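Have a look at the structure below before the remarks.
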Amino acid sequence: MTSSAILTHPIRPISDLPIDETLADALLGSINDYREQLHGRRLWLACSGGRDSLALAALCVQLYRQGRLPCLPQLLHVDHGLQAHSRHWAKHVADWAQAQQIPCHILRAQVTGHDEQAARQARYNAMRAHINQDDVLLLGHHADDQAETVLMRLIQGAGVNGLSGMQPWRVQTQHGRRHALWRPWLTVRRATISNYAKRLALPYIDDPTNETGDNVRSGLRRDIMPILATYNPNVIDNIARSAQLLGDAQATVNVQAEQDMQQTADESLQLPAAQRMLNIDTLQVLPIYRQRQLLHHWLGQDEPLPPAKQLVDDVWNLTQRSDHDHQTELFWQARTRSYVVRRYRQQLYRQSSEWLSWLNVPLIEQAQLLSRLDLTTNDSADSDFALLTVRRTEDYIWQLQVYPDALARLIESHIGALNAVLKIKPLDRKQRVQTALATRSQSGKKLYQTLGIPLWLRESLVVVSVVLLDKEHAKNEIPILLLSPFDRWILKNDFSSNTKSLGSDIDDVFKNVISVVE
Ligand SMILES: Nc1ncnc2c1ncn2[C@@H]1O[C@H](COP(=O)(O)OP(=O)(O)OP(=O)(O)O)[C@@H](O)[C@H]1O
């Protein structure tokens, strides 16, 4: 709202004039569509004080009074503080709400930037911070807004998702909090809302910049829509309908991509947002159009906005390469994080920058007497394991769960020794170890190749060994396990000529855990 905004009518309680049935049908129809999702949810209505959201609030009041709406939403008005008069508009909305006896909260937004996008972002942040998990936020967007959005995206070259416009129901999760945006009026024309507002003499705030602003949206509204209407008078309804159809198409594409992703992604090696993986062999079984869809979906998971087509194309090209260059890195600055996309052998990796810095943090070397392993360091009181931290930052933690009793039994049954020190040490490039994958011990590059360790994981390998303390085995250090954050290899040693049999025992002794620090 600008300081030149016009207040259309004085504030009064809404009279008992007949309800606009087109508007009521759209709202009540949408309630019916989302009955299950709405059940038991707290409702808020984002009210700018403009015509559309004030009309939506007025309709709710009328329907509630007639017993056609089970409850009233609470109003939320965000004061952006960008103009000298914004405080007055906030007070105006609060006064109107009071006259209708509808609860209203005025929130203050912290806007960083000067464009509409910055104001919108700040507005949603303020509202999100105010509402609770799973609450529902009603918005006054209508068919004309939808048509402008679709046209705007069309001239930007959007795909099915973008061209499906705003969704009538959208669940958003940000900073671990989930809520729904609900737009029941996406099929309703602006003119219908205007007539209703006029009939009720609603004191909405009329912001002239909505019509005269020089952004793309107001340009399309002012200059392009009237021309399109000369070709087809139903242009707004028609574009809004196309958006609805594309919304259905997008839902189908999503289900397909989700299924394809389950076929191609190895869940055990994923760390949501930090590291996502995709198998190129299983990707390539799909027809090319599904490969592209899947890459689009895979890249954009955990992000509110999808990747650009160029990135999807670049990643697809990466999957097509037959050389053994593992150095290519594709960088993506997404909305919430930045990522590197790369390939190692037949796997694609999408790694966040936090995760990549985590991979560079030195590993914690440690040695502990087996009989003294501290079981109290884990959170669950009745568990019988100790937690040894291998690497930690404020984002991620890598721990080894050790079951000392099982380890003592293992050592005793395989070597006959009774007491030992458990050691965790980064693998030295020169250190030779033998896994079940090779017939002799290996070190450095040979070892990495045998185990398929990509370049970025090479500083993240640890050797777990036991140092025997009994006299007859004095100081004999036996490596038993090689670990990466996601994998482990049993090492051949003096007491395990058969690594397989040791393997089944070792499963009871160690568990590798990577977790996100809350
Ligand atoms: N300052 C605000 N406080 C609360 N909600 C807002 C605010 N500004 C916009 N909204 C919500 O976002 C929707 C779309 O925003 P848009 O910028 O199109 O609104 P507007 O033209 O200022 O107002 P209206 O849509 O109410 O006429 C509004 O219908 C309303 O639900």
Side-chain angles (χ1 to χ4, degrees), residues 1-2 4-8 23 26-27 30 43-60 73-83 85-94 96-97 102-111 115-131 135-149 152 165-168 170 172 179-186 188-198 200 202-213 215-218 220-222:
M1 292 302 155
T2 61
S4 57
I6 298 155
L7 195 54
T8 44
L23 296 179
L27 177 61
S30 192
L43 266 188
W44 304 90
L45 193 157
C47 186
S48 64
R51 179 193 47 216
D52 309 324
S53 51
L54 204 67
L56 185 55
L59 183 72
C60 289
Q74 306 186 44
L75 300 194
L76 279 185
H77 173 84
V78 180
D79 176 357
H80 297 100
L82 291 175
Q83 277 113 19
H85 287 69
S86 66
R87 254 184 319 129
H88 300 305
W89 304 128
K91 181 168 181 321
H92 178 73
V93 173
W96 182 83
I102 175 168
C104 177
H105 306 256
I106 306 295
L107 311 174
R108 192 68 200 250
Q110 300 290 329
V111 186
D115 55 355
E116 264 189 49
Q117 177 60 21
R120 185 177 304 117
Q121 195 61 41
R123 177 159 80 230
Y124 280 117
N125 286 346
M127 293 195 278
R128 252 185 237 121
H130 186 80
I131 67 181
D135 285 359
V136 177
L137 188 62
L138 260 164
L139 298 164
H141 292 112
H142 46 68
D144 295 55
D145 291 330
Q146 179 73 309
E148 289 159 15
T149 301
M152 248 172 29
M166 295 177 279
Q167 302 306 305
R170 164 145 279 166
Q172 287 194 325
H179 61 271
L181 299 181
W182 181 28
R183 301 180 176 96
W185 273 358
L186 282 182
V188 160
R189 291 296 309 273
R190 176 187 284 131
T192 313
I193 303 173
S194 282
N195 289 340
Y196 173 63
K198 211 182 276 166
L200 284 193
L202 274 186
Y204 64 85
I205 304 159
D206 199 8
D207 184 356
T209 58
N210 278 351
E211 306 303 327
T212 57
N215 58 36
V216 179
R217 183 182 283 278
S218 33
L220 288 173
R221 180 183 307 160
R222 190 186 52 224

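Both ligands and their constituent atoms are indexed starting at 1 by order of listing. Small disclaimer: the values here were computed from a predicted structure and weren't measured. Only this structure's heavy atoms are used, side chains among them; waters, hydrogens and symmetry mates stay out.
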ask   = Quick one: which of Ala109, Gly50, Ser48 has a heavy atom closest to atom 23 (O) of ligand 1?
value = Ser48
ask   = Between the candidates Leu76, Leu138, Ile205, which shows the shortest non-hydrogen contact distance to atom 4 (C) of ligand 1?
value = Leu76
Ala126 versus Arg108, closest heavy-atom pair with distance = CB-O, 4.1 Å
query = Between Val188 and His142, which heavy-atom pair has the shortest distance, and what is it?
reply = O-CB, 3.2 Å
request  = Give a yes-or-no answer on whether the side chains of Ser218 and Asn215 include a donor-acceptor pair shorter than 3.5 Å.
outcome  = yes
inquiry  = If I apply the N/O under 3.5 Å rule, does Ala46 come out as touching ligand 1?
reply    = yes
Ser53 N/O to ligand 1 N/O under 3.5 Å = yes
Residue [X] vicinity, atoms of ligand 1 by number, heavy atom under 4.0 Å:
X	result
Val78	1 (N), 2 (C), 3 (N), 4 (C)
Gly140	29 (O), 31 (O)
His141	13 (C), 14 (C)
Arg51	27 (O)

query = Does any non-hydrogen side-chain atom of His80 lie less than 4.5 Å from one of Arg123?
reply = yes
request  = State, with a plain yes or no, whether a side-chain heavy atom of Gln172 is found less than 4.5 Å away from one of His179.
outcome  = yes
request  = Start with the C-alpha gap between Arg51 and Asp206, add the side-chain angles, then the distance that decides, and say whether side-chain contact (heavy atoms from CB on, under 4.5 Å) holds.
outcome  = CA-CA 7 Å; Arg51 179 193 47 216; Asp206 199 8; 5.6 Å; no
message = Check for me whether His80 has a heavy atom closer than 4.0 Å to any atom of ligand 1.
response = yes
note = Counting heavy atoms under 4.0 Å, the part of Arg123 that contacts ligand 1 is side chain
key: Partner residues of His130 under the ring pair (Phe, Tyr, Trp, His ring centres under 6.0 Å) criterion, sequence neighbours left out   = Trp44, His105
